[in-house]
Amino acid sequence: MIPRIYIPGDSGALALGAEKVAKAVRAELAERGIEAKIVRNGSRGAYFLEPMVEVATANGRIAYGPVKPSDVKSLFDCGFLTGGHHKRWLGAPDKIPFLARQTRLTFARCGVTDPLSLDHYKAHGGLNGLQNAVAMTPADIVKQVTESGLRGRGGAGFPTGIKWKTVLDTSAERKYIVCNADEGDSGTFADRMIMEGDPFVLIEGMAIAGIATGATKGFIYIRSEYPHAVAVMQKAVEIARKAGVLGVNVLGSANSFDMEVRIGAGAYVCGEETALLDSLEGKRGQVRAKPPLPAHKGLFGKPTVINNVISLASVPVIMDKGAAFYKDFGMGRSRGTIPIQIAGNVKYPGLYEAAFGMTLGEIVDDIGGGTATGRPVKAVQVGGPLGAYFPRALFDTPFDYEAFAAKDGLIGHAGIVVFDDSADMLKQARFAMEFCAIESCGKCTPCRIGSTRGVEVLDRLAQNIEPEKQIALVTDLCNTMKFGSLCALGGFTPYPVMSALNHFPDDFRPTPVAEAAE
Ligand SMILES: Cc1cc2nc3c(=O)[nH]c(=O)nc-3n(C[C@H](O)[C@H](O)[C@H](O)COP(=O)(O)O)c2cc1C
Ligand code: SF4
């Protein structure tokens with residue numbers, strides 16, 4: 001059998017030099033006259049080890065990383081094709097602590113399989129969920145998803161089964177499934193990783209959603225900054241269509257479902273579901289007032305399920321192994337697993353899928369290993385640019401929707417960004433206001449005008465002009481934005497601002513100029 005070498009083609013690995021490594025491996029194979037198959041797999045998500053090259057040996061896969069092009073010659077000299085020892089040797093990938101401690105349900109195949117091989121997908125449990133779904137009634141599929149406790153992973157945590165039931169119960173001659181792959185939150189990359197590393201799981205999840213609700217057409221709205229994900233998804237859709245996974249008779253059944261990939265418009269607000277629908281319809285992405293809900297009147301005025309990539313990609317395992325299996329993981333009303341994305345100033349950045357319930361401290365200190373700079377952790381922003389900053393004092397908060405809400409925070413898309421003690425939280429608060437001002441769709445006044453005024457107030461505070469007055473003003477302004485904005489962009493910007501102010505008050509009282517000069 002010819003050797004198999006796995007070199008990730010994932011964007012994160014490419015950014016760390018995977019293409020150069022692949023080129024060096026190809027050149028070395030040619031020079032040594034060795035025939036081998038190079039598989040461009042996805043990443044397993046341990047980005048501190050990327051590019052992580054794996055070889056399939058008689059004793060299973062052996063990983064090496066992070067591999068530099070200059071390592072390649074010596075890897076061959078050490079017999080890496082049969083798992084030989086080398087300074088980059090990591091052993092069996094599933095024994096690497098960062099990976100071994102995870103509970104991989106949604107990401108079970110990511111980094112393991114060839115992303116564009118449907119046979120590989122099937123060999124690793126792919127399509128079992130869809131196979132079960134085509135034999136069930138739509139109501140029973142919806143019931144299974146509802147009973148699993150799955151909640152939307154895009155940010156709001158809305159129960160997926162209830163959303164699907166609303167669409168199922170709304171009669172119309174045409175319904176749609178829209179996958180939100182706009183992934184605009186800072187420090188998040190789960191959607192990208194799964195689209196590049198296991199695209200068929202998303203296709204399978206969307207097809208199940210279609211059958212469950214009576215929708216026959218799907219769209220995946222992928223952010224324009226993800227060209228690799230777009231290319232992989234487009235190829236995967238073609239392959240799935242040719243294989244009868246999509247089309248007029250899904251897996252030979254009487255159900256029809258097909259889909260298209262669409263490229264996003266490049267605005268953060270286009271990730272908001274109604275702005276996304278406007279953008280998909282070819283308009284400027286602007287938030288729509290609700291009601292009507294997209295489930296009643298969504299894309300082109302038709303009932304529409306709009307779900308995040310991870311919500312949809314979590315459905316196949318639920319339909320394969322059952323609602324009880326999935327629900328068994330997690331805590332409280334947060335059931336199943338969540339792919340936590342650890343980023344920012346952190347020693348071990350990457351994607352860590354685990355059951356809900358780990359504390360923030362465990363995630364940052366044990367899994368993330370603290371800061372990359374080695375300085376103390378000052379704050380962690382959880383849930384993207386609209387998420388609150390958590391100080392170390394709140395590190396006992398379990399990763400759970402309700403527990404985070406109780407601490408005036410949110411889980412969002414489960415991205416966490418770590419900051420060390422050199423971070424200036426007044427600057428971070430200003431950044432949140434400025435981000436809102438730049439990204440505001442302009443539809444409502446608290447967000448459009450409030451965010452610009454917010455920047456000005458925080459600038460005056462930085463200059464130490466009547467600080468107490470500015471603090472009162474920004475607090476009042478945040479209240480207005482929180483309760484008066486039409487969508488969460490304006491409504492949640494107060495979270496990073498007020499958490500920074502409340503947890504790090506010293507940063508908001510800059511040293512008076514005269515005192516600083518002494
Ligand atoms: C400003 C803004 C940006 C958003 N960006 C995204 C995004 O990039 N991806 C996403 O899935 N949801 C995003 N959301 C949440 C969506 O509006 C919506 O709740 C989600 O797509 C529903 O899917 P889910 O139930 O599977 O989470 C955003 C919301 C707001 C207010
Ligand atoms: S809160 Fe901001 S982004 Fe949302 S609708 Fe209002 S202006 Fe648009």
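Numbering of ligands and ligand atoms starts at 1, following listing order.
A distance-only check finds no donor-acceptor pair linking the side chain of Glu50 to the backbone of Ser43 [under 3.5 Å]. Proximity of a side-chain donor or acceptor of Glu353 to a complementary backbone N or O of Thr106 within less than 3.5 Å is detected. With hydrogens and angles disregarded, no donor-acceptor distance shorter than 3.5 Å links the side chain of Glu402 to the backbone of Asp400. Formation of a donor-acceptor pair under 3.5 Å by the Ser279 side chain with backbone atoms of Ala275 is not found in this model. Between the side chain of His120 and the main chain of Asp114, a donor-acceptor pair closer than 3.5 Å is present. Proximity of a side-chain donor or acceptor of Glu196 to a complementary backbone N or O of Val232 within less than 3.5 Å is not detected. A donor-acceptor contact shorter than 3.5 Å links the side chain of Arg151 to the backbone of Arg333.
Within the 4.5 Å cutoff, no side-chain heavy atoms of Arg335 are placed close to those of Ser148.
Polar contact check, Tyr268 against ligand 1: no nitrogen or oxygen pair lies under 3.5 Å apart. Polar contact with ligand 1: absent for Leu386 (N/O pair, distance under 3.5 Å). For ligand 1, the polar-atom distance check against Val269 finds no nitrogen or oxygen pair separated by under 3.5 Å.
Given atom 18 (C) of ligand 1, the protein heavy atom at minimum distance is Glu273 OE1, 3.6 Å. Closest to atom 4 (Fe) of ligand 2, if we only count protein heavy atoms, is Cys487 SG, 2.4 Å. Regarding atom 6 (Fe) of ligand 2, its nearest protein heavy-atom neighbour is Cys444 SG, 2.2 Å. Remark: minimum distance from atom 9 (N) of ligand 1 to any protein heavy atom is reached at Asn180 OD1, 3.2 Å.
Near Gly490, meaning under 4.0 Å from any of its heavy atoms, are these atoms of ligand 2: 1 (S). Residue contact check: Val287 has heavy atoms under 4.0 Å from atoms 4 (Fe), 5 (S) of ligand 2. Those atoms of ligand 2 with a heavy atom of Val269 less than 4.0 angstrom away are 3 (S). Listed by number with element, the atoms of ligand 2 under 4.0 angstrom from any heavy atom of Ser485 are 1 (S). Interface atoms of ligand 1 facing Lys163, defined by a heavy-atom separation under 4.0 Å, are 22 (C), 23 (O), 24 (P), 25 (O). Counting atoms of ligand 1 from 1 in the listed order, those under 4.0 Å from a heavy atom of Ile306 are 22 (C), 23 (O). Close contacts of ligand 2 with Ser440, meaning ligand atoms under 4.0 Å from a residue heavy atom, involve 2 (Fe), 7 (S). Below 4.0 Å from some heavy atom of Gly184 lie the following atoms of ligand 1, by number and element: 8 (O). Residue Asn308 approaches ligand 1 through these ligand atoms, each under 4.0 Å from one of its heavy atoms: 10 (C), 11 (O), 23 (O), 24 (P), 26 (O), 27 (O). Against a heavy-atom cut-off of under 4.0 Å, Leu489 is close to the following atoms of ligand 1: 1 (C), 31 (C). Those atoms of ligand 2 that come under 4.0 Å of a heavy atom in Leu489, given as number and element, are 3 (S). Short contacts between ligand 1 and Arg153, defined as distances under 4.0 Å to a heavy atom of the residue, involve ligand atoms 26 (O), 27 (O).
Residue Glu272 holds the heavy atom nearest to atom 30 (C) of ligand 1 of all those in Arg151, Glu183, Glu272, Arg223. Of the listed residues (Gly271, Gly264, Gly157), the one carrying the non-hydrogen atom nearest atom 14 (N) of ligand 1 is Gly271. Residue Ser311 holds the heavy atom nearest to atom 26 (O) of ligand 1 of all those in Cys447, Gly155, Ser311, Gly154.
Within a 6.0 Å sphere centred on NZ of Lys407, other residues, nucleotides and ligands contribute more than 12 heavy atoms. Other residues, nucleotides and ligands contribute only 12 or fewer heavy atoms inside 6.0 Å of the CZ atom of Phe431. Other residues, nucleotides and ligands place more than 12 heavy atoms under 6.0 Å from the CG atom of Leu116. Dense packing is recorded around NZ of Lys217, with more than 12 heavy atoms of other residues, nucleotides or ligands lying under 6.0 Å away.
Judged by distance alone, the side chains of Tyr268 and Asp185 do bring a donor and an acceptor atom under 3.5 Å apart.
Counting backbone and side-chain atoms alike, Cys441 contributes an N/O/S atom closer than 2.8 Å to atom 8 (Fe) of ligand 2. Taking 2.8 Å as the threshold, Cys447 counts as a candidate ligand of atom 2 (Fe) of ligand 2, since one of its N, O or S atoms lies below it.
Using cut-offs of 30° and 60° for the angle between ring planes, the Phe48 and Phe98 rings count as perpendicular.
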